S.K.: 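So that we are looking at the same thing, I have put the structure below in structure tokens.
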Amino acid sequence: MKGKYLLFGGSGFIGHHLTSLINANQSNAAVIFDIAKPILETKNFENIDVRGTIETKYTPSSNDVIFNLAAVHRTPGHPSNEYFETNLLGAENVCNYARKYNITTIVFTSSIATYGTYEEQKSETTIPMPDIPYGISKLSAEYIHKLWQQEEPNLRKLIIVRPGVVFGEFEKGNFTRLINSISKKSFFYPGRKDTIKACIYVKDLVSVMLEMVENEIIGVVNYNMTYEPAPSIEKICNVISNRGKLRTPKIKLPSFVLLMISKVIYSIIKKEGIHPDRVKKLMISNNINGVKLNSKYNLTYSLEKGIADWMKCTNFEKNKEIY
């Protein structure tokens with residue numbers, strides 16, 4: 001008998017799409033535990049804070065599968081201690097919950113921030129060198145999950161995924177800001193056009209994670225979740241412009257000019273989207289190798305098809321804005 005899928009931190013963008021896919025395949029099989037309400041109302045939701053001992057009204061079975069999506073992730077955007085409080089304590093408490101109910105499969109959504117910020121390409125065998133609190137907390141959380149698996153290595157399955165930039169409906173992040181700024185003709189290339197931005201469409205991400213639950217064997221496995229090859233920012237902009245019937249961005253501003261502008265504007269309106277550190281991130285490649293994922297799993301979408309599907313879902317042609 002199939003168990004249920006327990007989504008810690010399942011109320012957010014990725015959790016919403018994962019819940020929709022799970023329930024489409026197996027009615028009401030997704031159970032969401034989060035401190036925030038889900039994007040769309042669902043029957044199986046409990047208000048749970050993973051920073052404390054986890055007690056749920058729902059009683060799990062050993063056949064259930066845990067997806068640990070719970071995280072403080074927007075960076076910059078939080079004091080350093082908040083990344084560690086949620087991401088480390090959450091990992092400890094989710095693993096303790098799995099121990100208590102003899103759950104043997106956990107899927108943990110980590111991050112490419114565990115690799116660190118530098119231009120060279122990174123694969124699953126690259127030594128992690130995180131250089132920001134978020135990346136350090138995520139790498140530490142990976143080790144916490146690995147300790148759980150190693151307690152019963154012949155019984156427990158741990159799947160660690162490190163997604164690139166995830167885009168799609170309800171994302172409200174980098175791609176949303178990019179599409180809307182191109183639509184408003186306010187996007188300028190930040191110093192260069194060849195910056196690599198590893199990414200994946202959210203529908204591909206969640207469908208492959210579900211496949212991994214069935215296909216991966218007992219033990220620990222780690223996957224970079226990104227299209228291969230990872231596209232440049234220029235390619236992403238060209239795809240958005242072509243699919244949205246928008247004017248293609250051409251202007252490239254010197255990096256120091258863009259940083260100066262962002263510092264001035266941010267000092268006045270304090271809007272996270274133009275935080276100087278966020279603008280600086282646009283100028284550095286997150287060059288992530290996705291060969292391992294793409295050689296084993298068939299992705300339904302691609303950068304082009306994913307953006308086209310997203311625009312269709314949000315009726316972009318009529319609104320000329322994602323949100």
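All residue numbers refer to positions in the sequence shown, counting from 1. Keep in mind that this is a model prediction, so the values were computed, not measured. The figures here come from the full heavy-atom set of this structure, side chains too, leaving out hydrogens, waters and symmetry mates.
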S.K.: Among residues at least two apart in sequence or on other chains, which ones pass ring pair (Phe, Tyr, Trp, His ring centres under 6.0 Å) with Phe187?
M.R.: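 With neighbours one apart ignored, the set is Tyr189.
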S.K.: Scan residues 12-21 for pairs that pass side chain to side chain donor-acceptor pair (under 3.5 Å), counting only residues two or more places apart or in two chains.
M.R.: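 Non-adjacent pairs meeting side chain to side chain donor-acceptor pair (under 3.5 Å): zero.
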S.K.: Would you mind reporting whether Thr314 and Asn319 have side-chain heavy atoms less than 4.5 Å apart?
M.R.: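 No, every pair of side-chain atoms sits at 4.5 Å or beyond.
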S.K.: Determine whether Val220 and Phe67 fall in the same hydrophobic cluster, where Ile, Leu, Val, Met, Phe, Trp and Tyr are linked whenever their side-chain heavy atoms lie under 4.5 Å apart.
M.R.: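 Different hydrophobic clusters.
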S.K.: Using ring pair (Phe, Tyr, Trp, His ring centres under 6.0 Å) as the criterion, list what pairs up with Tyr297, not counting sequence neighbours.
M.R.: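 Per chain and number, Tyr297 pairs via ring pair (Phe, Tyr, Trp, His ring centres under 6.0 Å) with Tyr223.
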S.K.: Determine whether Leu178 and Ile200 fall in the same hydrophobic cluster, where Ile, Leu, Val, Met, Phe, Trp and Tyr are linked whenever their side-chain heavy atoms lie under 4.5 Å apart.
M.R.: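 Yes: a chain of side-chain contacts under 4.5 Å links Leu178 to Ile200.
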S.K.: Any side-chain heavy atom of Tyr58 sitting closer than 4.5 Å to one from Asp64?
M.R.: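 The answer is yes; the side chains approach within 4.5 Å.
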S.K.: If we count only N and O atoms by modelled type, under 3.5 Å, do the side chains of Gln121 and Asn289 hold a donor and an acceptor together?
M.R.: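 Gln121 vs Asn289: donor-acceptor pair found between side chains.
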S.K.: Please identify each residue that fulfils side chain to side chain donor-acceptor pair (under 3.5 Å) with Tyr115, with sequence neighbours left out.
M.R.: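 With sequence neighbours excluded, Tyr115 shows a side chain to side chain donor-acceptor pair (under 3.5 Å) to Arg162, Asn224, given in chain and number order.
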S.K.: For Arg156, does its backbone N or O pair with a side-chain atom of Glu152 as donor and acceptor, under 3.5 Å?
M.R.: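 Not at all, since once roles are kept as given, no pair shorter than 3.5 Å links the two residues.
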S.K.: Who are the side chain to side chain donor-acceptor pair (under 3.5 Å) partners of Glu321, not counting sequence neighbours?
M.R.: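 Testing Glu321 for side chain to side chain donor-acceptor pair (under 3.5 Å), a comparison that skips the adjacent residues, returns Lys184.
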S.K.: Will you find, in the side chains of Tyr201 and Asp309, an N or O donor that is under 3.5 Å from an N or O acceptor?
M.R.: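 Checked: Tyr201/Asp309 side chains pair up, N/O donor to acceptor below 3.5 Å.
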S.K.: Could you list the residues that satisfy ring pair (Phe, Tyr, Trp, His ring centres under 6.0 Å) with Tyr97, not counting sequence neighbours?
M.R.: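 Per chain and number, Tyr97 pairs via ring pair (Phe, Tyr, Trp, His ring centres under 6.0 Å) with Phe8, Tyr101.
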S.K.: For Ser140, which residues count as a side chain to side chain donor-acceptor pair (under 3.5 Å) partner, sequence neighbours excluded?
M.R.: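 In terms of side chain to side chain donor-acceptor pair (under 3.5 Å), with neighbours along the sequence ignored, Ser140 is linked to no residue.
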S.K.: Between Glu216 and Lys296, does any side-chain N to carboxylate O distance fall below 4.0 Å?
M.R.: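 Result for this pair is yes, salt bridge flagged.
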S.K.: Hydrophobic cluster mates of Tyr143, side-chain heavy atoms under 4.5 angstrom, ILVMFWY only, any path?
M.R.: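 Once heavy-atom contacts under 4.5 Å are chained together, Tyr143 belongs with Leu139.
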S.K.: Is any side-chain N of the basic residue among Glu304 and Arg243 closer than 4.0 Å to the acidic one's carboxylate O?
M.R.: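 Salt bridge absent between Glu304 and Arg243.
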S.K.: List, by chain and then residue number, the residues other than Ile127 in its hydrophobic cluster (Ile/Leu/Val/Met/Phe/Trp/Tyr, side-chain heavy atoms under 4.5 Å); write none if there are no others.
M.R.: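 Reading the cluster by chain and number, Ile127 sits alone, since nothing else belongs.
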S.K.: How would you list, by chain and number, every residue that makes a side chain to side chain donor-acceptor pair (under 3.5 Å) with Asp194, sequence neighbours excluded?
M.R.: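 Partners of Asp194 under the side chain to side chain donor-acceptor pair (under 3.5 Å) test: Arg192.
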S.K.: Without swapping roles, check the side chain of Asn287 against the backbone of Lys197 for a donor-acceptor pair under 3.5 Å.
M.R.: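 Checked: no pair found.
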S.K.: Is there a donor-acceptor contact under 3.5 Å linking the side chains of Arg177 and Asn180?
M.R.: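 Side chains of Arg177 and Asn180: no pair found under 3.5 Å.
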S.K.: Who else is in Tyr118's hydrophobic cluster (ILVMFWY, side-chain heavy atoms under 4.5 Å, direct or via others)?
M.R.: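 Members alongside Tyr118: Met129.
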S.K.: Between Leu6 and Pro60, is there a side-chain heavy-atom distance shorter than 4.5 Å?
M.R.: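 Answer yes - side chains close enough.
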S.K.: Return the set of residues passing ring pair (Phe, Tyr, Trp, His ring centres under 6.0 Å) with Phe84 (not counting sequence neighbours), or none when no residue passes.
M.R.: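 For Phe84 there are no ring pair (Phe, Tyr, Trp, His ring centres under 6.0 Å) partners, ignoring immediate neighbours.
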S.K.: Would you call Glu151 and Arg99 a salt bridge, using N to O less than 4.0 angstrom?
M.R.: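 So Glu151 pairs with Arg99 through a salt bridge.
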S.K.: Tell me yes or no: between the side chains of Thr56 and Glu46, is some donor less than 3.5 Å from an acceptor?
M.R.: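 Checked: Thr56/Glu46 side chains show no N/O donor-acceptor pair below 3.5 Å.
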